[in-house]
J.: 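Could you have a look at this structure, given as structure tokens, before my questions?
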Amino acid sequence: LLNAAAVFAVGFFMRPVGGWLLGRYADKHGRRAALSASVLLMCGGSLMIALTPSYATIGVAAPILLVLARLLQGISVGGEYGALDLPGTTVVDIGAHIGSFSILAALKGARRVLAFEAWAENYELLVMNCRSLPTVECHHAAVWRSDLDDAVLTWSQAANPQNTGGGTVVECASIGGEPISGEKRCAVRAIPFDDIVDRVGTIDVLKIDAEGSEFPILLTSRKLDRVG
């Protein structure tokens, strides 16, 4: 167990290195290029973890590949945070959870941060964590598709109890006559994504972590040209 934890811990030690490497890259090639490189590194590391055979199949090469994958992911996260410079920008954080990204955006100089969280318990923590940051606006709502008005969704807790605070929103209370799984469920107000765009004018940075709601949000929007 300790060996497994150590493999994933090495990624944290590479974050300062990633911040330095990709920070220098951003200075030469721009923030967009640095963030794109960061995303590619994270995808590459995640793909390596997914495709690495077991120890029984390839022996000691398996943990070596996992360590390399975690090193790539650590560099990616360090570069993403280090290259993130947001002075005077408007940021929309969909699926804000307890506010980690919103806080980072505010500390990096964002002029306005709109944070949306669907689950009431997460929202309370979000408000508490961001109360000292006047640029962060917290909203208890689920951002949803733009071709529906006044929708009320059902928020359902993640089936895995270890995924604390995790969950998803759906348009119905049951599927095929069976209640939606999850010990905790509640109705949550929905806001069409395009209404948010109209409210802020232009979104400079959009972050979506909405457990599958990304697709209806983006595919039904008619105002993505005002994002980024």
Side-chain angles (χ1 to χ4, degrees), residues 84 86 88-175 179-228:
L84 192 64
L86 305 173
T89 57
T90 297
V91 178
V92 172
D93 184 359
I94 300 175
H97 200 244
I98 62 174
S100 299
F101 183 82
S102 294
I103 293 170
L104 174 65
L107 295 178
K108 288 291 185 175
R111 177 180 61 86
R112 186 182 185 189
V113 181
L114 285 78
F116 296 87
E117 174 55 40
W119 178 228
E121 294 180 8
N122 286 346
Y123 174 73
E124 292 177 1
L125 293 172
L126 170 67
V127 171
M128 181 179 67
N129 293 335
C130 298
R131 62 188 174 188
S132 63
L133 300 169
T135 57
V136 179
E137 306 170 18
C138 301
H139 301 271
H140 182 206
V143 180
W144 193 232
R145 55 194 307 148
S146 298
D147 56 352
L148 295 176
D149 294 323
D150 301 323
V152 177
L153 306 177
T154 298
W155 186 94
S156 178
Q157 185 184 32
N160 183 356
Q162 294 182 342
N163 185 10
T164 57
T168 189
V169 292
V170 293
E171 294 181 278
C172 53
S174 63
I175 299 177
I180 296 171
S181 61
E183 294 182 3
K184 297 180 180 179
R185 295 186 298 275
C186 67
V188 60
R189 179 174 62 96
I191 298 178
F193 174 73
D194 283 355
D195 286 4
I196 299 173
V197 179
D198 288 336
R199 182 187 307 177
V200 302
T202 299
I203 299 174
D204 298 299
V205 177
L206 172 64
K207 171 255 181 180
I208 306 180
D209 181 10
E211 305 295 343
S213 297
E214 298 89 345
F215 300 103
I217 290 172
L218 296 176
L219 291 177
T220 61
S221 175
R222 295 296 178 266
K223 301 180 180 179
L224 292 179
D225 59 318
R226 290 160 60 181
V227 177

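Everything quoted here is computed from the prediction, not taken from an experiment.
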J.: Could you report the tightest heavy-atom contact between Ser146 and Pro192, atom names first, then the distance?
T.: CA-CB, 3.9 Å
J.: Distance-only, no hydrogens or angles: does the Asp195 side chain make a donor-acceptor pair with backbone N or O of Ile191 under 3.5 Å?
T.: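 Flag not set: sc Asp195 to bb Ile191 has no pair under 3.5 Å.
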J.: Identify the residue among Asp194, Asp147, Val197 that makes a side chain to side chain contact (heavy atoms under 4.5 Å, CB included) with Arg222.
T.: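 Among the candidates, only Asp194 passes.
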J.: Answer yes or no: is there a side-chain heavy-atom contact under 4.5 Å between Phe116 and Asp93?
T.: no
J.: State which residue, out of Ser132, Pro134, Cys138, fulfils the side chain to side chain contact (heavy atoms under 4.5 Å, CB included) condition with Val136.
T.: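 Of all the options given, the one that passes is Cys138.
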J.: Between Thr90 and Arg111, is any side-chain donor less than 3.5 angstrom from a side-chain acceptor?
T.: yes
J.: What heavy-atom pair brings Ala106 and Leu133 nearest, and what distance separates the two atoms?
T.: CB-CD1, 4.1 Å
J.: Keeping His140 on the side-chain end and Trp119 on the backbone end, is there a donor-acceptor pair under 3.5 Å?
T.: no
J.: Could you check whether any side-chain heavy atom of Cys130 comes within less than 4.5 Å of a side-chain heavy atom of Leu126, counting everything from C-beta outward?
T.: yes
J.: For residues Leu218 and Leu224, report the shortest heavy-atom separation together with the two atoms involved.
T.: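 Scanning both residues, the minimum pair turns out to be O-CD1, 3.6 Å.
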J.: Roughly how far, to the nearest 0.5 Å, is the CG atom of Asn129 from the CD atom of Glu124?
T.: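 It comes to 11.5 Å.
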J.: Over all heavy atoms of both residues, which pair between Val143 and Ile217 is shortest? Give the atoms and the distance, please.
T.: O-CD1, 3.4 Å
J.: Using a strict 4.0 Å threshold on nitrogen-to-oxygen distance, state whether Lys223 and Asp198 make a salt bridge.
T.: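 So Lys223 pairs with Asp198 through a salt bridge.
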J.: Of all the heavy-atom pairs spanning Val188 and Ala142, show the shortest one and how long it is.
T.: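 That would be CG2-N, 4.0 Å.
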J.: Shortest non-hydrogen contact from Val91 to Phe101?
T.: CG1-CE2, 3.8 Å
J.: State which residues pass salt bridge (charged side-chain N to carboxylate O under 4.0 Å, His left out) with Glu137; sequence neighbours excluded, sorted by chain then number.
T.: Arg112
J.: Nearest 0.5 Å please: distance from the CD1 atom of Ile94 over to the CZ atom of Phe193.
T.: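 If we round to the nearest 0.5 Å, Ile94:CD1 and Phe193:CZ are 5.5 Å apart.
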J.: Taking the side chain as everything from C-beta on, heavy atoms only, tell me whether Asp204 gets closer than 4.5 Å to Leu86.
T.: no
J.: With a sphere of 6.0 Å drawn around CZ of Arg199, does it hold more than 12 non-hydrogen atoms of other residues, nucleotides or ligands?
T.: yes
J.: Side chain to side chain contact (heavy atoms under 4.5 Å, CB included) for His97 and Asp209? Distances and angles first, verdict last.
T.: CA-CA 9 Å; His97 200 244; Asp209 181 10; over 6 Å; no
J.: Are any non-hydrogen side-chain atoms of Ile203 and Leu206 less than 4.5 angstrom apart?
T.: yes
